[in-house]
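Heads up, the thing below is written out as C-alpha cells.
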Amino acid sequence: MGYTNLKHFGPGIEGWIQSGGPVESDLPTESSIPLVSSPRRSRTQRGLVRLLQLSPARLLLLWLSMVVGFAIVYWIWGFSGLPGLMTNGQPIPTSLEGFLTCLYFSFVTATSVGFGDVVPMGVMRAIAVLEAATALLVFGVLVSRLIGQNQDRMIREIHQVSFEDRLGRVRVNLHLVLTELQELAERCAGDTLNQDRFRSRWESLTLVLIGELRIVHELLYKTEQHVDEPVLETLLLNLAACLNEMREILRCNPLAAGDPGAPRQNLKTLSILSEEICGECVPRQYAPELKATMDRIQSVGRELAG
Amino acid sequence: MDDSPDAEELSFEQVVERLAQRTLLPVNVLPRDAFIARRIPGSLHLPLRTLQDEAPLRLPDKSLQVLVYCTGFG
C-alpha cells in the first residue's frame, strides 16, 4: 500500500499487556489520538502546522498575548536608559502612562497601521519589525480560519445534498431493477420467455444491480457518511428482494446463469459483494432487523454463485 | 498495509520509547469490540477488513512511522 515506514509489534496487545504497557479502553476521544510528527517535516513546518490547528479563540488569545508581551518588552527597555520608543522627540516615560503608550504602539505595530506618532529607535526597531511580522502571520491564520470554518460548513452541506441525491437514485434504481426482475420471474414461471430477449434483459439488470450493490457496500464500509437506519433499511430490503428474485429466476431458468464467461462472472461479482454484507462483518453496529436483512443478502448472494 | 515485506519488528522498549517521542502511530487492526476493550493508548482503529479502503483516507502521509498490531501470540 506504499507505506515506507511500517513497523510491526508481533506480541500484539496480549504481549503489550504482559510486558506491563499502558492500556486504553472505551471509545477513543479526539484528544487521545497523538499528534504524530512526520520525520520529513522541519521544526518550522511543525510549528506552522500546530498554529494552523489552533481554534480561532486560541489564535485570538495568542495574538492578544503577543501584543501585550511586546508592549511589556518596550516598556521594560525604557528602564535601561538606552534608545527605545520615542514620542515628540522624547523617550516614553517608565510610568503607567508610559506602559499604556507602549501598549498602544504595540497594537498599532501588530495591526501594521503605523501612525508614526510613536517611533522605535535602536534595538527596538528590530523588535518592532519582529512583532509586525509575527503578529501579522498569526492574524492572517486567524482570518483564514474564520473564513475556512464557513467554507467547511458550506462544503459539508453540499456533500450532504449530493449524498442524499445519490441515495435517492440508488433507491429508485433498486426499485426499477426489482420491478423488472419480478416481471421476468413471472414470465419465466408462465413460460412465455423469448430466450434472446430474456438474456439481454437479464444481463443488463445484473450489471445495474452490481452497480447499486457496490454503492450499498460502500455505504456500509466507508463510515464517514452517516446513513439513517430507516433509509438503509429500505435499501437493504430492496436489495434482498432483488437477489431473491434473481435466485427464483435462476431456479426457473438455469440457462440464465449462462455459459462460462461474462454472465457467470457477473453473478460471481454479485456473490462476492454480497458475501461482505452481513450483520457481524460490517464495521458498524446496527439494529437486529437490519442485521437480519444483511445476513439474508449474504446467504442469497452465496446461492447465486453456486 | 501489513503486506509490506519490509515491516520492521519493534521490541516493547522501542515501542514505548517512540510513543513517548510521539514519532510512532499505533494502528490496531482488530475488530471494533476488541479495539474498544483494550488497545495501546492513542491507537488508530483500522480493522483488517476495511484496511485497504480506509488506510489511504485516514493515513494519507505514507512516510509516517506506523506500528501495526493485532492480538499477538498466535
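Remember, predicted model here, so these are calculated numbers, not experimental data. In what follows, chains carry the letters A, B, and so on, assigned in the order in which the sequence lines appear, proteins first and then strands, with residues in each chain numbered from 1.
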When rounded to the nearest 0.5 angstrom, what is the spacing between CG in B:Leu25 and CG in A:Asn5?
-> 11.5 Å
B:Gln65 side chain vs A:Lys7 backbone, donor-acceptor pair below 3.5 Å = no
Contact summary for A:Gly20 and B:Phe12, nearest pair of heavy atoms = C-CZ, 4.1 Å
Heavy atoms only: give me the nearest A:Trp16-B:Pro41 pair and the separation to one decimal.
-> NE1-CD, 4.4 Å
Check B:Leu67, B:Val27, B:Leu64, B:Val66 against A:Leu6 for a side-chain contact (heavy atoms from CB on, under 4.5 Å) and give me the one that passes.
-> B:Val66
Over all heavy atoms of both residues, which pair between A:Pro11 and B:Glu9 is shortest? Give the atoms and the distance, please.
-> CD-OE2, 3.9 Å
Disulfide bond (SG atoms under 2.5 Å apart) filter on B:Cys70, not counting sequence neighbours, yields none
Taking all heavy atoms of B:Leu10 and all of A:Phe9, pick out the closest pair and write down the distance.
-> O-CD1, 3.4 Å
What heavy-atom pair brings B:Ala7 and A:His8 nearest, and what distance separates the two atoms?
-> CB-CB, 4.4 Å
Would you list the pairs meeting salt bridge (charged side-chain N to carboxylate O under 4.0 Å, His left out) in which at least one residue belongs to residues 159-173 of chain A, sequence neighbours left out?
-> A:Asp165-A:Arg169, A:Arg166-A:Glu218
